[in-house]
Amino acid sequence: MKVDELPVDERLKRVIKERGIEELYPPQAEALKSGVLEGRNLVLAIPTASGKTLVSEIVMVDKLLREGGKAVYLVPLKALAEEKYREFKEWESLGLRVAATTGDYDSTDDWLGKYDIIVATAEKFDSLLRHGARWIRDVKLVVADEVHLIGSYDRGATLEMILTHMLGRAQILALSATVGNAEELAEWLDAALVMSEWRPVQLRKGVFHTGTLIWEDGTVERYPENWYSLVTDAVKRGKGALVFVNTRRSAEKEALALSKLVSSHLTKPEKRALENLASQLEDNPTSEKLKKALVGGVAFHHAGLSRTERTLIEDAFREGLIKVITATPTLSAGVNLPSFRVVIRDTKRYAGFGWTDIPVLEIQQMMGRAGRPKYDKYGEAIIVARTDEPGKLMERYIRGKPEKLFSMLANEQAFRSQILALITNFGVKSFSELVHFLERTFYAHQRKDLSSLEYKAKDVVYFLVENEFIDLDLEGKFQALPFGKRTSQLYIDPLTAKKFKDAFPALEKNPNPFGIFQLIASTPDMATLTARRREMEDYLDLAYELEDKLYASIPYYEDSRFQGFLGQVKTAKVLLDWINEVPETRIYETYNIDPGDLYRLLELADWLMYSLIELYKLFDPKEDILQYLRDLHLRLRHGVREELLELVRLPNIGRKRARALYNAGFRSVEDIVRAKPAELLRVEGIGAKILDGIYRHLGIEKSVSVQERPKKRGTLEDFLK
DNA sequence: CTACGTTGTTTCTAGACAGCATGTC
DNA sequence: CTAGAAACAACGTAG
């Protein structure tokens with residue numbers, strides 16, 4: 001089907017043709033003929049990179065141009081929200097306004113009501129729904145990207161609830177990977193279903209076993225015995241490879257090993273560019289390892305890396321500078337990052353209580369990364385058979401069908417939180433109304449029988465009443481209480497809120513960072529570290545040493561909570577180090593964690609600390625305690641001791657610069673106002689730009705003279721000039 | 001007795017969403 | 001129930 005033949009707005013066609021697209025892919029054409037353009041719901045289950053985004057763009061833009069209103073595009077990752085936002089920006093040429101919003105990123109300061117296309121993570125949209133944003137009623141279309149995540153254990157329920165809320169109120173376009181029961185999903189959404197295996201770039205799949213590469217069509221190729229040869233072969237042919245492994249350690253190890261092999265295939269300019277890239281990285285143990293791999297044209301990629309490092313690697317790989325990435329599943333479903341060859345080293349993964357096979361759906365998503373649309377005629381995805389027999393892998397992952405999706409609404413944590421929201425934010429007034437709502441969920445559609453869910457719902461309601469989130473009046477009607485309403489808006493687990501509430505009396509008596517951090521670490525919303533075997537004694541000792549500061553009692557060794565508790569103590573200790581200005585590198589070394597882990601911990605602690613304060617406000621707060629908590633929150637956010645709190649409020653002054661200023665004798669804003677610019681410029685880390693910003697922030701007219709500060713150690717390039 | 005090598009034993013393991021109000025090194 | 005690498009401990013031997 002030609003773009004010209006589309007029954008859509010002419011302006012829309014023009015923009016698409018300007019992209020150089022004249023002809024639609026068969027599944028795209030089929031999708032657009034399904035009735036979506038007339039407002040029908042659609043489930044589009046096709047492989048990654050086969051043009052789902054274009055379909056959604058056409059549907060969104062046509063609808064908006066024709067009817068006005070808003071379209072919401074839901075994604076599972078913050079990084080994807082940014083990616084889609086950039087892509088959709090193009091439509092501003094037609095007068096449509098595009099915005100993206102996630103927990104830590106808003107593309108705009110203006111309120112979302114002004115925008116036509118809103119990209120958001122599912123959780124963020126759920127939160128917006130709870131806050132009752134007025135513009136929600138203008139939403140005419142919801143596009144749910146990666147809708148198969150409805151089957152994810154911890155995040156599936158959110159998506160399911162959003163769709164249940166919006167079903168009937170807006171058109172729904174659900175984009176899915178190939179799943180075992182797309183029909184069931186389509187039935188639930190009362191949607192047309194378009195399924196296809198078609199890909200614009202052909203995909204060859206095969207299994208590798210000790211030197212033999214068997215393609216799915218039966219052809220066989222011989223390679224050296226070690227699977228590394230699959231990677232070096234791709235590099236020799238001027239292409240790249242993406243290697244998936246199941247642990248961070250493996251990713252790092254294989255990156256280093258492959259780096260040595262790939263290195264010899266690099267050109268001089270490439271080597272120079274790579275060294276330049278490596279020099280941009282920070283100084284910490286993880287980055288050091290990364291640098292070693294990078295100079296050989298290889299990088300590892302996992303959640304321990306900082307965001308900047310991750311994007312740096314992704315961009316360099318896209319440019320072809322980095323030849324090989326070894327990755328944990330971070331890359332299997334993330335931003336768009338195709339590669340000529342994909343090598344899957346592991347098909348098993350450790351999951352809590354043992355080794356499990358990685359789901360077919362996930363392996364297929366990894367394989368789907370093979371083949372770069374603009375550069376390759378085809379892509380190759382190869383599974384390495386190390387333990388399992390090659391035949392078995394071929395059967396399961398290459399010829400096999402992906403798993404069915406199952407509703408995860410009954411997941412206790414998610415369910416608890418969603419029921420609270422229904423009562424406090426969505427006007428559900430009685431148990432029968434609650435059941436009535438649940439009847440419209442995917443769970444109900446799939447299981448037919450609601451009795452066990454109703455039973456769980458009763459337990460949850462009982463828990464919510466018991467802990468004063470909600471009230472029951474004499475006729476059995478629900479009534480939202482402020483505690484419940486705030487909990488729901490803060491988007492925290494009711495159990496977290498309860499833990500906070502229960503701890504308030506003890507906290508008031510003895511406010512201290514260690515107690516508060518352990519409290520935060522003990523909630524289900526916090527990610528905690530695990531105490532390693534040989535650390536356990538240390539953290540137990542620490543807990544006893546600081547026992548009078550804790551708001552919880554130390555569990556006995558036999559207690560099932562013992563292990564978890566030690567992890568909480570460890571986590572609390574990391575946070576404690578952070579606010580005591582222990583350098584990051586030392587934190588990484590002491591606790592054996594990566595930069596990404598620390599970032600994640602701080603991000604979560606920040607959010608929970610805020611929530612703790614907000615909830616405390618509801619319970620007859622004491623002003624001095626409140627102030628104490630606010631200060632601690634600020635210390636946590638900036639990673640500083642109390643004495644730096646004043647300085648750290650200044651723009652671009654974080655823990656390092658604030659400490660430098662303080663140690664140089666500038667201990668307050670007052671000191672800075674009084675000081676001469678030249679004096680301040682002598683402080684390490686304070687340059688003209690920074691100082692200028694500070695003056696502007698303070699509303700001071702002082703010219704930062706252009707005089708250079710003493711030059712730092714020159715680089716080699718300076719020397720050669 | 002010490003330094004070092006060998007062998008058996010234990011330990012450890014992926015990822016990442018949410019509030020709010022503005023700006024890290 | 002299914003792995004595999006690394007850290008660690010125990011043991012053994014040469015000098």
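Each chain gets a letter, A, B and so on, in the order its sequence line appears, and its residues count up from 1.
Comparing atom distances between the A:Thr247 side chain and each of B:dA14, B:dA16, B:dA18 picks out B:dA14 as nearest. Which of B:dG15, B:dA18, B:dC17 sits closest to the side chain of A:Arg155 comes down to B:dC17.
Ion pair A:Lys78/A:Glu603 flagged as a salt bridge, since at least one NZ, NE, NH1 or NH2 atom sits closer than 4.0 Å to an Asp/Glu carboxylate oxygen. Comment: A:Arg600 does not engage A:Asp594 in a salt bridge, judged by the lack of any side-chain N to carboxylate O separation of less than 4.0 angstrom. Using a 4.0 Å cut-off between charged side-chain N and carboxylate O, A:Lys291 and A:Glu288 make a salt bridge. Between A:Arg155 and A:Glu146 there is no salt bridge, since no side-chain nitrogen of the basic residue lies less than 4.0 Å from a carboxylate oxygen of the acidic one.
A:Arg655 meets the salt bridge (Lys or Arg N to Asp or Glu O under 4.0 Å) test with A:Glu584; sequence neighbours excluded. For A:Arg659, the salt bridge (Lys or Arg N to Asp or Glu O under 4.0 Å) partners two or more places apart in sequence, or in a different chain, are A:Glu581, A:Glu643. Annotation: ring pair (Phe, Tyr, Trp, His ring centres under 6.0 Å) contacts of A:Phe317 (sequence neighbours excluded): none. Checked against ring pair (Phe, Tyr, Trp, His ring centres under 6.0 Å), A:Phe300 has the following partners two or more places apart in sequence or in another chain: A:His302. Partners of A:His209 according to the ring pair (Phe, Tyr, Trp, His ring centres under 6.0 Å) rule, which considers only residues two or more places apart in sequence or in another chain, do not exist here. Residues passing the ring pair (Phe, Tyr, Trp, His ring centres under 6.0 Å) test with A:Phe562, sequence neighbours excluded: A:Tyr557. Under the rule for a salt bridge (Lys or Arg N to Asp or Glu O under 4.0 Å), A:Arg369 has no partner lying at least two apart in sequence or in another chain.
In this model, the phosphate group of B:dT11 is approached by a side-chain N or O of A:Arg533 to a distance below 4.0 Å at OP1 or OP2. Listed pair A:Thr328 / B:dG15 meets the phosphate criterion, a side-chain N or O lying under 4.0 Å from OP1 or OP2. Residue A:Thr121 places at least one side-chain N or O under 4.0 Å from the OP1 or OP2 atom of B:dA18. Distances shorter than 4.0 Å separate none of the side-chain N or O atoms of A:Arg248 from OP1 or OP2 on B:dC12. The shortest distance between the side-chain N/O atoms of A:Lys253 and the OP1/OP2 oxygens of C:dG4 is not below 4.0 Å.
Residue A:Leu77 is in sugar-phosphate contact alone, with no base atom involved, counting any heavy-atom pair closer than 4.0 Å across all strands shown. At the heavy-atom level, A:Thr102 lies under 4.0 Å from the strands shown only through sugar-phosphate atoms. At a threshold of 4.0 angstrom between heavy atoms, the contacts of A:His633 include nucleobase atoms, whether or not backbone atoms are also involved. Within 4.0 Å of A:Ser127, counting heavy atoms only, lie sugar-phosphate atoms of the nucleic acid but no base atom. Residue A:Gln489 is in sugar-phosphate contact alone, with no base atom involved, counting any heavy-atom pair closer than 4.0 Å across all strands shown. Within 4.0 Å of A:Arg637, counting heavy atoms only, lies at least one base atom of the nucleic acid. Nucleic acid contact for A:Asp346: none, since no nucleic acid atom lies under 4.0 Å from a heavy atom of the residue. Here A:Arg310 lies in heavy-atom contact (under 4.0 Å) with sugar-phosphate atoms only.
Applying the salt bridge (Lys or Arg N to Asp or Glu O under 4.0 Å) rule to pairs touching residues 686-696 of chain A yields A:Asp692-A:Arg696, sequence neighbours excluded. Residue pairs meeting the side chain to side chain donor-acceptor pair (under 3.5 Å) criterion with at least one member in residues 529-539 of chain A, sequence neighbours excluded, are A:Glu535-A:Lys570.
For A:Ala531 and A:Asp597, each mapped to the nucleotide of DNA chain B holding its nearest heavy atom, the one lying further toward the 5' end belongs to A:Ala531. Both A:Trp355 and A:Ser250 lie close to DNA chain C; mapped to their nearest nucleotides by heavy-atom distance, the more 5′-ward contact belongs to A:Trp355. Toward the 5' end of DNA chain C, the nearer of the two residues A:Arg249 and A:Tyr350, judged by each one's closest nucleotide, is A:Tyr350.
Rounded to an integer number of Å, the gap from A:Arg349 CZ to B:dA14 P is 10 Å. Atoms CE (A:Met609) and C1' (B:dA21) sit 17 Å apart, rounded to a whole Å. Between A:Leu601 atom CG and B:dG15 atom P the separation is 14 Å, expressed in whole Å. Straight-line distance from the CG atom of A:Leu129 to the P atom of B:dG19: 12 Å, rounded to whole Å. Across the protein-nucleic acid pair, A:Ile593 atom CD1 and B:dC12 atom P stand 16 Å apart, rounded to whole Å. What separates CG of A:Leu634 from P of B:dC20 is a distance of 18 Å, to the nearest Å. In this entry the distance linking CZ of A:Phe244 with P of B:dT13 reads 22 Å, nearest Å. When rounded to the nearest whole Å, the span between CG of A:Leu305 and P of B:dA14 equals 13 Å.
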Polar atoms only, N or O, under 3.5 Å: list the protein pairs with nucleotides 23-25 of chain B and their distances.
residue	atom	partner	partner atom	Å
B:dT24	OP2	A:Leu650	O	3.3
B:dT24	OP2	A:Asn652	N	3.3
B:dT24	O3'	A:Gly654	N	3.3
B:dC25	OP1	A:Gly654	N	2.8
B:dC25	OP1	A:Gly654	O	3.1
B:dC25	OP1	A:Arg655	N	2.3
B:dC25	OP1	A:Lys656	N	3.3
B:dC25	OP2	A:Asn652	O	3.1
B:dC25	OP2	A:Gly654	N	2.0

Can you name the atoms? Protein N/O to nucleotides 8-10 of chain C N/O, anything below 3.5 Å, with the distance.
residue	atom	partner	partner atom	Å
C:dC8	OP1	A:Arg534	NE	3.4

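With pairs defined as Watson-Crick or G-U wobble and both atom distances under 3.5 Å, the stems of at least three pairs that touch DNA chain C come out as B:1-13 with C:3-15.
As the counterpart of B:dA18, no nucleotide is assigned, since no Watson-Crick or G-U wobble pattern has both distances under 3.5 Å. A 3.5 Å limit on both hydrogen-bonding distances identifies no Watson-Crick or G-U partner for B:dG23.
The six-membered or imidazole ring of A:Phe504 lies near that of A:Tyr616, with a centre-to-centre distance under 6.0 Å.
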